[in-house]
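Taking it in order: structure first as structure tokens, then the write-up.
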Amino acid sequence: MIEFKDVTVIYDNDIIGLENVSFKIEDGEFVFLVGRTGAGKSSAIKLLTGEIKPYAGDVIVNGITVNRLKSKKLPYLRRSVGTVFQDFRLLPNKTVYENVAFAMEVVRAKKKDIRRKVPTILSLVGLADRAKNYPNELSGGEQQRVCIARALVNSPAIVIADEPTGNLDVETAEEIMKLLLEINRMGTTIVMVTHSTKIVDDAHRRVIQLESGVVVRDEQEGGYTSDVLA
Amino acid sequence: MYSLKTALSSLGKNAVMTIASIVTIACCLFLFGVFLLFAFNINYIGEQISEQCEVQAFIDDRVDRAGEERILKEISAMPNVKSAEFESKTQAFENYKEKLEGYGEYLDGMEGEEILRSSVKITPDDLTILNDTVSQIEKIDGVANVVNHEATVRGVISFTQAIKIGSLIAMIILLMTAVFIIQNTIKLSVHAREDEIHIMKFVGATDSFIRRPFVLEGVIVGIIGAAIAIIVIAFGYNAAVNGLTGFLDLFELYTFSQMALPVAGGLLIFGILMGSFGSRTAIRRHLKV
């Protein structure tokens, strides 16, 4: 479960990132975070991964108040929150298999578990036959699938997808969206930041809209309203 | 295992910078070692000079044999007296004749008692409090006067102190230079793996896990640099001492084997510490995500 309780974020240059933001996301939900550039979506995402701390209020993830967590404990929280980036951030010198396995290696997973789990995850994202390829040998959609596999491999309860379809064409974006919905059906909570009207409108999922750091809409099975532009 | 593999692979990928760093670290530690050897030997020479700085308490002619015994006992019992040795008038005369070498015969027919005084030759323990000891000896009944080489002793002390301080400053500068070089090597390595560090942070790697390969990388550079410096110093020092034979006959210098443990151990420890410290500071900023 994710909960924002009266969260305010103020940056060093006095710019307000979020102002008195409160919402709750239950386990297993799929939530779109929408809004103009600078609306506060990135601030919300950064709060969830402990990259920034709120000026006021509390951010609770899986029962842990992230902003009160000591920095030494932050890695353990991040193991329960998978992150998917718009620009994939794959390691070019590692194969698809190694990129995914890397996420397990760095949390000191057993080799036996890595050998068992990585092929399963690669099959789930449809890349079982691309395990030995390097990122530069893959299409954009395939690279994003690797990124999703990497986010999922440590079995996080929550996946944060920061504009995962931003660099992809419409068809590939739809494929990625299908994959994310499939992962959500398996029980993983997904918070997805997007500027894509079509994706939001087609998905009929909960939409939280931010404007100038304030929640202006929180709608179950909402659409991407026409007045919100990238 | 992951850390060692990553560290070695990173050192290999940045081979040119790694070699340049190792050579520079070796040079810094070599100079550090030279200063260390220099400081050890200066200290040793200082000790030798100090040991040669005797204080001589001359005894009044009117003091009888029993009085001389008493004075020797009193001086020997003083806290800063390492050793005290009585020299009778006759012994003093004989020693004087010996010092004159071939010209001693001119003194034949003269009686020692007529021209020289008996004395007590004292080796002090601590030269820095020599003045107090001399004043105490002067107060002993029957002591006519005390001769000491205080000015020479003070000169030796301040000279060795200055050399020690100078060496220490030079060593600190060299160590700081070495740390700076290691920092830059590791910074290059960190820069090359910035994306990897970022991903590691996001998938939940601990800071110590991320830091370890870089620290190991710095430590490896430090150890190899130190090892090269130790080998060069070991061969170079003995050659240098052999070259100085004849020039420095007055004093004895340490052999390398006498200093091998502190010098080699010191360089190795400094190499490891510098590598560890340099890399820790180089990566610190990148862990704040």
Side-chain angles (χ1 to χ4, degrees), chain A residues 45-46 48-53 61-62 64 69-85 87-94 98-111 114 121 135 146-162, chain B residues 1-19 21 185-221 276-277 279-289:
Chain A
I45 296 290
K46 284 177 180 173
L48 289 173
T49 54
E51 264 188 277
I52 56 167
K53 288 196 171 187
V61 175
N62 295 333
I64 299 161
L69 205 60
K70 284 186 180 168
S71 54
K72 269 187 177 178
K73 299 274 179 195
L74 211 51
Y76 303 99
L77 169 92
R78 285 178 179 166
R79 289 176 196 185
S80 66
V81 181
T83 315
V84 178
F85 306 98
D87 55 357
F88 324 131
R89 297 192 198 172
L90 299 176
L91 298 171
N93 56 343
K94 289 187 191 289
E98 288 165 347
N99 263 286
V100 178
F102 180 67
M104 288 186 83
E105 281 168 10
V106 301
V107 298
R108 296 181 185 185
K110 286 179 187 163
K111 278 191 177 167
I114 297 174
I121 293 288
V146 181
C147 186
I148 292 169
R150 186 180 60 195
L152 287 175
V153 79
N154 286 323
S155 310
I158 300 163
V159 167
I160 295 165
D162 192 0
Chain B
M1 198 60 202
Y2 165 83
S3 305
L4 187 65
K5 235 166 68 182
T6 313
L8 291 175
S9 138
S10 183
L11 285 170
K13 276 178 195 161
N14 301 320
V16 176
M17 193 59 198
T18 303
I19 293 167
S21 302
T185 310
I186 303 300
K187 268 183 190 167
L188 277 183
S189 180
V190 169
H191 184 69
R193 290 173 51 207
E194 220 159 9
D195 287 344
E196 204 174 317
I197 294 169
H198 200 250
I199 291 162
M200 285 165 99
K201 289 290 288 183
F202 272 97
V203 297
T206 57
D207 284 355
S208 60
F209 184 87
I210 299 170
R211 197 188 294 122
R212 208 170 302 141
F214 295 103
V215 172
L216 214 53
E217 208 176 311
V219 168
I220 291 170
V221 168
S276 167
F277 178 74
S279 41
R280 270 169 192 277
T281 49
I283 192 174
R284 194 167 46 196
R285 190 171 61 85
H286 295 267
L287 293 177
K288 287 177 184 165
V289 181

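In what follows, chains are A, B, ... by sequence order, proteins preceding strands, each numbered from 1.
- Few gaps surround NZ on A/K53; more than 12 heavy atoms of other groups in view lie less than 6.0 Å from it.
- Contacts of A/V81 with chain B are made by backbone atoms alone, with heavy-atom separations under 4.5 Å and no side-chain atom involved.
- Once rounded to the nearest 0.5 Å, the distance linking CZ of A/R79 with OG1 of B/T206 reads 6.5 Å.
- For B/D195, there are no salt bridge (charged side-chain N to carboxylate O under 4.0 Å, His left out) partners two or more places apart in sequence or in a different chain.
- Here the straight-line distance linking atom CD of B/E196 with atom CG of A/N93 works out to 6.5 Å at 0.5 Å rounding.
- With sequence neighbours excluded, no residue forms a salt bridge (charged side-chain N to carboxylate O under 4.0 Å, His left out) with B/R211.
- Expressed to the nearest 0.5 Å, how far CZ of B/R193 lies from CG of A/L91 amounts to 9.5 Å.
- Using a 4.5 Å cut-off on side-chain heavy atoms (C-beta onward), A/R150 and B/I199 make contact.
- More than 12 heavy atoms of other residues, nucleotides or ligands shown are found within 6.0 angstrom of CZ on A/F102.
- Relative orientation of the B/F202 and A/F85 rings is perpendicular, given thresholds of 30° and 60° on the angle between their planes.
- When the candidates A/L90, A/V153, A/V107 are compared by the number of heavy-atom contacts under 4.5 Å with chain B, A/V107 comes out ahead.
- With hydrogens and angles ignored, the 3.5 Å screen pairs no side-chain donor or acceptor of A/R78 with any backbone N or O of B/V203.
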